[in-house]
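A short worksheet on the structure shown next.
We name chains A, B, ... by the order of the sequence lines, and we start the count at 1 in each one. Values below: all heavy atoms of this structure, side chains included; hydrogens, waters and symmetry mates excluded. Quick caveat: nothing in here was measured; it's all calculated off a predicted structure.
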2 protein chains.
Amino acid sequence: MPSTRAQTKKEAILQSASKFFSERGYWDTSVNDISKATGVAEGTIFYHFQSKEDLFLAVLQKFKEDFVGKFKQHLKEQKFASGMDMLEGAISFYLYQSSVMEERFLLLHRHHYYQIAPENPKCWQYLEEIYSGLISIFEQAITRGMEDGSIRQVSPNKKALLVFTLIDGLVRLDTYNLYQATSLYDEVIESCRCWLKP
Amino acid sequence: MPSTRAQTKKEAILQSASKFFSERGYWDTSVNDISKATGVAEGTIFYHFQSKEDLFLAVLQKFKEDFVGKFKQHLKEQKFASGMDMLEGAISFYLYQSSVMEERFLLLHRHHYYQIAPENPKCWQYLEEIYSGLISIFEQAITRGMEDGSIRQVSPNKKALLVFTLIDGLVRLDTYNLYQATSLYDEVIESCRCWLKP
DNA sequence: TTTTTGACTGAGCACTCACTCAGGATTTTG
DNA sequence: CAAAATCCTGAGTGAGTGCTCAGTCAAAAA
């Protein structure tokens, strides 16, 4: 049975690694960096994780569980008047989260994942689960909206993909500081309404 | 005056480096890889470029000149009936290019640039020129459309940003092989029409 | 108490990498 | 021609990397 101390250290490593990988990326972070920041010997990291890449994937998994779970729960708790309301709530939540935990979003946009994914089923699986999880949320909202009449008859899947692409793209431009894109919030909502209004 | 041979070698290095950086990314490409593939000594690379990062930036600059220039020229040559037509032409061209020279687009989506940019004015400048160059193309089309009546009165700047975000996001999902997003071409055009129709 | 087990350590290993430099080759200039 | 300038070379350097492993330590088991 693992001691509480061990659990704590493993979690501390994960947390620290998440910060480093998000802010600096995979290659600009050395295992030494993480060990120093966590106050843990380098060997400890390799005791808990098979390799640096394994640690990287563990961070992604944690993000998946945290974020997608949080997202779904948030939408369950809220009571929306209509499908369109739910969609707007989802968009709002997504953009809000992206500003609150910007560095975690950077993690998702790290290119390294997409480089590993083709050869690493686990990595692929996590990414797939994150994206399809998010898109399915939008899809559900649209489907519901089509049923209650707040959204016109469209292909929920395609529209959900478009909506997601749009807001994820904006978050990206924002993180890169190319444009204050999320300030376009009203414009985005307006655009989606335009796509979907009956 | 530099000899023709020198020019050739420098160009060969640039070409080879572009391929490597696009396909493998910055960290997975070693200077040795580039020198071997080009058939040039490692020292030669450092004779022509101050550092690996300098070479990386030179590749970005070349992309900028090639792509944005090509884009603008393409739109100049074509005669569009209306602003809306021009916008569709621009979208079409963008998506077409992304499939034809996919690896060059991957270059633009490499995260390393966005990591360097905050500290490197040159890098920042190139990225800024590329993005604002592209967005201004869409903006021009929208403005023209507003004048000839094919597009309703909107904020050209904001709408251009949205249009660009949408299609660039789709290209991204496509390159990552998460979804065959560019197959949504019709849907995208339809969406833009919905946004902009009078 | 003694033994065993699991968490943890950090010096050290093998290796890779960007970059250098002394010198050779080639072209341009006087 | 010679001298100067430019272009090019590739073995070598040193810093840094992911990862190992022999060993310490504390707590649980016998």
Side-chain angles (χ1 to χ4, degrees), chain A residues 1-60 110-113 115-116 119-120 122-123, chain B residues 1-60 110-113 115-116 119-120 122-123:
Chain A
M1 190 169 62
S3 72
T4 50
R5 234 175 95 213
Q7 291 271 14
T8 301
K9 287 211 173 181
K10 191 175 179 184
E11 275 166 18
I13 292 167
L14 257 177
Q15 204 172 334
S16 195
S18 173
K19 208 166 143 61
F20 270 105
F21 287 144
S22 301
E23 284 170 5
R24 293 202 207 165
Y26 185 77
W27 293 108
D28 271 355
T29 302
S30 73
V31 179
N32 190 12
D33 289 336
I34 299 169
S35 82
K36 269 186 194 161
T38 323
V40 159
E42 243 182 289
T44 311
I45 293 176
F46 289 97
Y47 175 76
H48 289 293
F49 304 93
Q50 281 187 3
S51 63
K52 187 187 174 187
E53 196 163 299
D54 189 48
L55 172 58
F56 191 58
L57 286 181
V59 167
L60 180 63
R110 287 285 163 194
H111 201 110
H112 193 62
Y113 286 125
Q115 233 160 328
I116 309 174
E119 287 156 9
N120 191 321
K122 223 177 173 183
C123 181
Chain B
M1 190 169 61
S3 71
T4 50
R5 233 177 97 213
Q7 291 270 17
T8 301
K9 287 211 173 180
K10 192 176 179 183
E11 276 167 18
I13 292 167
L14 258 177
Q15 205 173 334
S16 195
S18 173
K19 208 166 143 62
F20 270 104
F21 287 145
S22 303
E23 285 170 5
R24 294 204 207 165
Y26 186 76
W27 293 108
D28 272 355
T29 302
S30 72
V31 178
N32 189 12
D33 288 336
I34 299 168
S35 82
K36 269 186 194 160
T38 323
V40 159
E42 241 181 290
T44 311
I45 293 176
F46 289 96
Y47 175 76
H48 290 292
F49 304 93
Q50 282 186 3
S51 64
K52 187 187 175 186
E53 194 162 300
D54 189 47
L55 173 57
F56 191 58
L57 285 181
V59 167
L60 180 63
R110 287 284 164 195
H111 200 110
H112 193 64
Y113 287 125
Q115 233 161 327
I116 308 174
E119 288 156 8
N120 190 322
K122 224 178 174 182
C123 182

Discussion item. Measure NZ/B:Lys52 against P/C:dT20 and give the value in whole Å, please.
Written reply: 15 Å

Item to complete: Please check if the side chain of B:Ser16 supplies one atom and the backbone of B:Ala12 the other of a donor-acceptor pair under 3.5 Å.
Response: no

Worksheet item: In chain order, what residues pass the side chain to side chain donor-acceptor pair (under 3.5 Å) check against A:Ser35, with sequence neighbours excluded?
Response: none

Fill in: Whole angstrom value for the distance that separates P of D:dC7 from NZ of B:Lys10
9 Å

Worksheet item: Between D:dT9 and B:Lys9, is there an OP1 or OP2 to side-chain N/O distance shorter than 4.0 Å?
Response: yes

Worksheet item: How many Å lie between CG on B:Asp33 and P on C:dT16, as a whole number?
Response: 12 Å

Worksheet entry | Pairwise salt bridge (Lys or Arg N to Asp or Glu O under 4.0 Å) hits with a residue in residues 41-53 of chain B, at least two apart | none

Item to complete: Could you tell me the separation between the CZ atom of B:Phe46 and the P atom of D:dT6, rounded to a whole number of Å?
Response: 22 Å

Worksheet entry | For B:Lys19, salt bridge (charged side-chain N to carboxylate O under 4.0 Å, His left out) partners two or more places apart | B:Glu23

Worksheet item: What pairs with A:Thr44 under side chain to side chain contact (heavy atoms under 4.5 Å, CB included), at least two apart in sequence or on another chain?
Response: A:Ile13, A:Val40, A:Ala41, A:His48

Worksheet item: Does B:Tyr47 put a side-chain nitrogen or oxygen below 4.0 Å from OP1 or OP2 of D:dC8?
Response: no

Item to complete: Can you sort out the partners of A:Thr29 under side chain to side chain donor-acceptor pair (under 3.5 Å), two or more places apart, ordered by chain and number?
Response: none

Practice prompt. Can you run through DNA chain D from 5' to 3' and write each base as (, ), [, ], | or . depending on how it pairs? Watson-Crick or G-U wobble, both distances under 3.5 Å.
Written response: ||||||||||||||||||||||||||||||

Response to the item:
To the nearest 0.5 Å, atom CG of A:Asn120 lies from atom CG of A:Asp54 at 9.0 Å

Worksheet item: Roughly how many Å is it from CG in A:Asp54 to P in D:dG18, rounded to a whole number?
Response: 14 Å

Practice prompt. For B:Lys36, check side chain to side chain contact (heavy atoms under 4.5 Å, CB included) against everything at least two apart and list the hits.
Written response: B:Asn32

Worksheet item: Excluding sequence neighbours, so at least two apart, what forms ring-ring contact (aromatic ring centres under 6.0 Å, His included) with A:His112?
Response: A:Tyr26, A:Trp27, A:Phe56

Fill in: Length of the line joining B:Glu11:CD and D:dC7:P, which is rounded to integer Å
14 Å

Fill in: Straight-line distance of A:Ser22 OG to A:Phe20 CZ, nearest 0.5 Å
11.0 Å

Worksheet item: Which part of the nucleic acid, if any, lies within contact of B:Ser51, taking any heavy atom under 4.0 Å across all strands shown: a base, the sugar-phosphate backbone alone, or nothing?
Response: sugar-phosphate

Worksheet item: For A:Asp33, which residues count as a salt bridge (charged side-chain N to carboxylate O under 4.0 Å, His left out) partner, sequence neighbours excluded?
Response: A:Arg24

Look for any protein N or O under 3.5 Å of an N or O in nucleotides 23-25 of chain C and output each such pair with its distance, or none.
none

Item to complete: Whole angstrom is fine here: how far is it from CG in A:Asn32 over to C1' in D:dT17?
Response: 9 Å

What does the list of N/O pairs under 3.5 Å between the protein and nucleotides 10-13 of chain C look like, with a distance for each?
unit_1, atom_1, unit_2, atom_2, d
C:dG10, N7, A:Gly43, N, 3.4

Discussion item. Can you pull out the residues from residues 18-30 of chain A that lie within a 4.0 Å heavy-atom distance of DNA chain D?
Written reply: A:Thr29, A:Ser30

Worksheet item: How far does CD1 of A:Ile116 sit from NZ of A:Lys122, to the nearest 0.5 angstrom?
Response: 11.5 Å

Worksheet entry | Atom pair CD (A:Gln50) and CG (A:Leu57), whose distance is rounded to the nearest 0.5 Å | 10.5 Å

Discussion item. Just verifying a value: how many Å separate B:Asp28 CG and A:His111 NE2, rounded to the nearest 0.5 Å?
Written reply: 10.0 Å

Worksheet item: Between C:dC19 atom P and B:Ile13 atom CD1, what is the distance in whole Å?
Response: 14 Å

